[in-house]
Amino acid sequence: MKILYYLSAILLFVYGLFLLFQVPFIDFFELKIMDLFYRIRGSVNISPDIVVVGIDEYSLTSLEAEKDVWPWSRHHFGKVVKNLFNAGAKVVVFDVSFTEEDETNPMYDNYFASIISKYKNVILGTYLINEKDTYQKYNEKIKEKLENNITYLNYTYKMKNFKSLDFIQPIEIYKVRPPILKFSSLVPSATYEIGEIDVDGVVRSLPLFFKELWANEMGISSGFLPHMDVLAVAMFKNADLTNLIVDFDKRVVEIRDLKIPFDSNGLFKIFYYGNNIFKEISFYDIETGNFNKDIFKNKIVIIGYTATAKGLYDLRITPFSNNTPGVYIHATAIQNMLLGDTLIRASTWLRLLFTTLAIIYVLLFSRSKNIKINILALLSVPLIFLVSYMLFLNQIYLDSFFPVVSCIILSTTNISKNLIQENKEKKKIKEYLYRYVPDNVADYLIKSGKLTLGGETRNIVVLFSDIKGFTSLSEKLDAKELVELLNSYLTRMSDIIKNKYNGTIDKFVGDAIMAVFGAPISFEDDIERALKCALEMRQELRKFNSENNIDLDSGIGIHYGPAIVGNIGAPFRMDYTSIGDTVNTCSRIEHLTRELPANIIVSESIYKLAKEKFEFIFLGEYRVKGKSMPLKLYELKGEKNV
């Protein structure tokens, strides 16, 4: 056990280092298990507060037919916003940027501005300029325009417990590129960026805030800006968007009665609901009024690109799909925030505790030298997954990859150690036994230890099978063909005897097979198995003949009675076999198949014990060599229909 204790300590120490340094290799597998749990769980039923208006291929081609290709003129967006609010929508969010004037007609911008000014509850998404070097290369006129367009800073977070910011590493960007001033001065705007993705390229989180370095450098504000999805939630909850609070100590964003949690990087962990959760209506149908208005009553509507929007790529990898439109990620995140749903990753200490308990479980079952008890330690693997999955259903992910790996390493190490030790003890016995007895007899002796190597008298069923007219067949084939044919035949018959009916093949004598049922292992149905075996051997012979285009025939004799079974031979060569009158009589019975019109002949002792289940025809009384009294013999026809 010492080696297991040392190995357990090493595994826990290594796991602690992995957690401390956040090794991506381990996290990769944990995240894949998390995704597996999502797929096992499937989709969940909710009553969503979000409806998606899709900029899809249908809308793109429909407007193309009207001589307007992407990017569309702004009057289309104005019509859609108007129709949505007239249908009862509460908030409209654009997962689309409006950072340049309308390319067709500036008047369309005025129309769109008049619409959003009228309905107000609109949030415009936009993108980020991540690097300072990139921004400094902008044309001076563009930079001047951007630096005069800072209305998005009106929605900077109010900060609580600012001292705890030292423990937070927010995503830093240099500058937000807002919508044109004509729009951003009328309604709130914020970034729609997904942020950093996980090590495997899957989106499982979304930043609740970014730190804009430009605003901080200019001394205009702290630069902690909310994500577009946070503004959507706040607007839906009728909160003051200019007074949103981020608590760096409790790590939550406060929106009225909602507390939206984030981690040390300001990331909100998304809890995916599954596929086909949110209804999607085509942009063009909204513009033309071809939709059910009841769908939008008191809903948040997100307008964005869908999977079919060719050339407008906004697809991400999620646990449910490799091609999830970003608009659905935003819909999920907003719905999470409204319902208070999020996937919480268990703390470092809880992960270590869970791994320790799993290792203790394995060690308890490893104390025994019994391999079967040792194998029970491997039950830790499904138990770990079960515990982790049950917590996952309650929106807590408890890491399971390293605990599983640790338990497998410990269990297999212990089982291997015990097997090696046990094999050493058995090796000497095996080396001796395999020199004298067939493999199946040796295996039985080693496993059970119930049978001595000396002879013993017991009742057995003896089966002899021989090919009729084999000599004449051998004259027609050359040696190689004959051996191949005979080996194929004996292999198929042996497989039936040994593997299907648990008979012991005593020996081969040329083309003849001697098998026994009841030694070395005896069952209550030895006779029944022998008779079924004989019937199937005849069926297999017919298949064999058909496949090889030959006409072999065989005779089978079956007898039941006492025989001496055990090791018989010389000191330098022994065989586990059966001898005695029962064996000799069975051989004589099999030879009668050449004289009588029967392929399977059994003795009276077999008939008496099997007549209730099998059909027989009485052949008569016959004398055989070595017997003073004639034998009553029967032909086996088949099983009775019960």
Side-chain angles (χ1 to χ4, degrees), residues 50 53 55 71-129 142-158 175-193 210 212 214-215 220-221 223 225-244 255 283 286-287 296 298-304 327 330 334:
I50 295 98
V53 170
I55 298 175
W72 295 327
S73 299
R74 300 283 159 73
H75 68 89
H76 297 295
F77 296 102
K79 290 178 184 178
V80 166
V81 170
K82 179 180 178 181
N83 288 344
L84 287 173
F85 280 112
N86 287 341
K90 186 170 183 180
V91 178
V92 173
V93 182
F94 277 93
D95 186 20
V96 180
S97 60
F98 300 105
T99 54
E100 294 89 19
E101 285 77 11
D102 191 296
E103 296 179 359
T104 306
N105 189 337
M107 294 301 296
Y108 291 151
D109 283 338
N110 294 337
Y111 173 72
F112 183 53
S114 67
I115 293 296
I116 61 176
S117 175
K118 176 181 178 181
Y119 294 103
K120 298 295 186 185
N121 279 13
V122 176
I123 296 172
L124 302 178
T126 193
Y127 58 90
L128 304 172
I129 303 169
I142 298 296
K143 283 200 289 186
E144 182 181 357
K145 185 185 292 186
L146 292 178
E147 290 171 7
N148 289 326
N149 183 1
I150 57 172
T151 54
Y152 63 92
L153 293 175
N154 294 337
Y155 310 101
T156 303
Y157 278 113
K158 303 294 188 296
K175 182 87 171 65
V176 172
R177 176 153 190 181
I180 60 174
L181 188 60
K182 187 176 291 185
F183 302 152
S184 62
S185 62
L186 299 174
V187 294
S189 61
T191 182
Y192 46 52
E193 298 283 358
F210 292 86
E212 187 191 64
W214 178 84
I220 300 174
S221 78
L225 301 172
H227 192 275
M228 175 187 77
D229 296 351
V230 174
L231 291 184
V233 172
M235 187 173 285
F236 186 75
K237 298 292 288 185
N238 299 315
D240 182 358
L241 273 60
T242 63
N243 196 36
L244 300 180
I255 301 176
F283 183 97
I286 302 297
E287 184 178 1
F296 296 97
N298 204 38
K299 300 290 186 181
I300 297 175
V301 181
I302 306 180
I303 301 174
V327 67
H330 294 302
I334 293 171

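Numbering starts at 1 and runs along the sequence shown.
- Partners of Y119 under the ring pair (Phe, Tyr, Trp, His ring centres under 6.0 Å) rule, at least two apart in sequence or in another chain, are F85.
- For Y108, the ring pair (Phe, Tyr, Trp, His ring centres under 6.0 Å) criterion is met by H75, not counting sequence neighbours.
- A side-chain donor-acceptor contact under 3.5 Å links H227 to the backbone of E193.
- Side-chain contact of S73 with T104: a donor-acceptor pair under 3.5 Å is present, judged by distance alone.
- Distance check: K175 NZ to F210 CZ gives 14.5 Å after rounding to the nearest 0.5 Å.
- In this structure, the side chain of K79 does not engage the main chain of I286 through any donor-acceptor pair within 3.5 Å.
- Residues F236 and K90 meet the side-chain proximity criterion, which asks for heavy atoms closer than 4.5 Å.
- For the residue pair Y155 and S189, the shortest heavy atom distance occurs at CE1-N, 4.3 Å.
- When all heavy atoms are compared, the tightest approach of T156 to G223 is CG2-N, 4.3 Å.
- Put simply, the side chain of D102 never gets that close to the backbone of D109: no donor and acceptor are under 3.5 Å apart.
- When all heavy atoms of A89 and V301 are compared, the closest pair comes out as CB-CG2, 3.8 Å.
- Among all heavy-atom pairs drawn from A215 and L153, the shortest one is CB-CD2, 4.0 Å.
- Within the 4.5 Å cutoff, the side chain of L231 has heavy atoms near those of the L244 side chain.
- Between T191 and L225, the closest side-chain pair of non-hydrogen atoms is not below 4.5 Å.
- Taking the side chain as every heavy atom from C-beta outward, N148 and L181 never approach each other to under 4.5 Å.
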Could you check V230 against I255 for side-chain contact (heavy atoms from CB on, under 4.5 Å), going step by step and ending with a plain yes or no? CA-CA 9 Å; V230 174; I255 301 176; 3.8 Å; yes
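- Using a cutoff of 4.0 Å between basic side-chain nitrogens and carboxylate oxygens, E100 and R177 are scored as salt-bridged.
- Within 6.0 Å of atom CD in E147, more than 12 heavy atoms from other residues, nucleotides or ligands are found, so the atom counts as buried in its surroundings.
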Working note: V176 + W214, criterion side-chain contact (heavy atoms from CB on, under 4.5 Å); need CA distance, chi angles, decisive distance, verdict. CA-CA 9 Å; V176 172; W214 178 84; over 6 Å; no
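- In terms of heavy atoms, D95 sits closest to G304 at CB-CA, 4.2 Å.
- With a 4.5 Å cut-off on side-chain heavy atoms, M235 and V93 do not count as touching.
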Which is it for K145 and N149 under the side-chain contact (heavy atoms from CB on, under 4.5 Å) test, yes or no, and what are the steps along the way? CA-CA 6 Å; K145 185 185 292 186; N149 183 1; 5.8 Å; no
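- Across S185 and K182, no two heavy atoms sit closer than the pair OG-O, 3.8 Å.
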Report the C-alpha distance between L84 and I303 in whole Å, list the side-chain angles of each, state the deciding distance to 0.1 Å, and finish with yes or no for side-chain contact (heavy atoms from CB on, under 4.5 Å). CA-CA 11 Å; L84 287 173; I303 301 174; 4.1 Å; yes
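- In summary, of the residues considered (I300, D229, I50), a side-chain contact (heavy atoms from CB on, under 4.5 Å) with H330 occurs for D229 alone.
- Interatomic distance, OH of Y111 versus CG of N105, reported as 13.5 Å (0.5 Å rounding).
- Annotation for K158: atom NZ counts as buried by contact number, over 12 foreign heavy atoms lying within 6.0 Å.
- With sequence neighbours excluded, the residues that form a ring pair (Phe, Tyr, Trp, His ring centres under 6.0 Å) with F112 are F94, F98, F183.
- Here the side chains of I334 and I302 are in contact, with some heavy-atom distance below 4.5 Å.
- Under the 3.5 Å distance criterion, the side-chain polar atoms of T151 are matched with a main-chain donor or acceptor of S184.
- Side chains of N110 and R74 form no contact here, defined as non-hydrogen atoms less than 4.5 Å apart.
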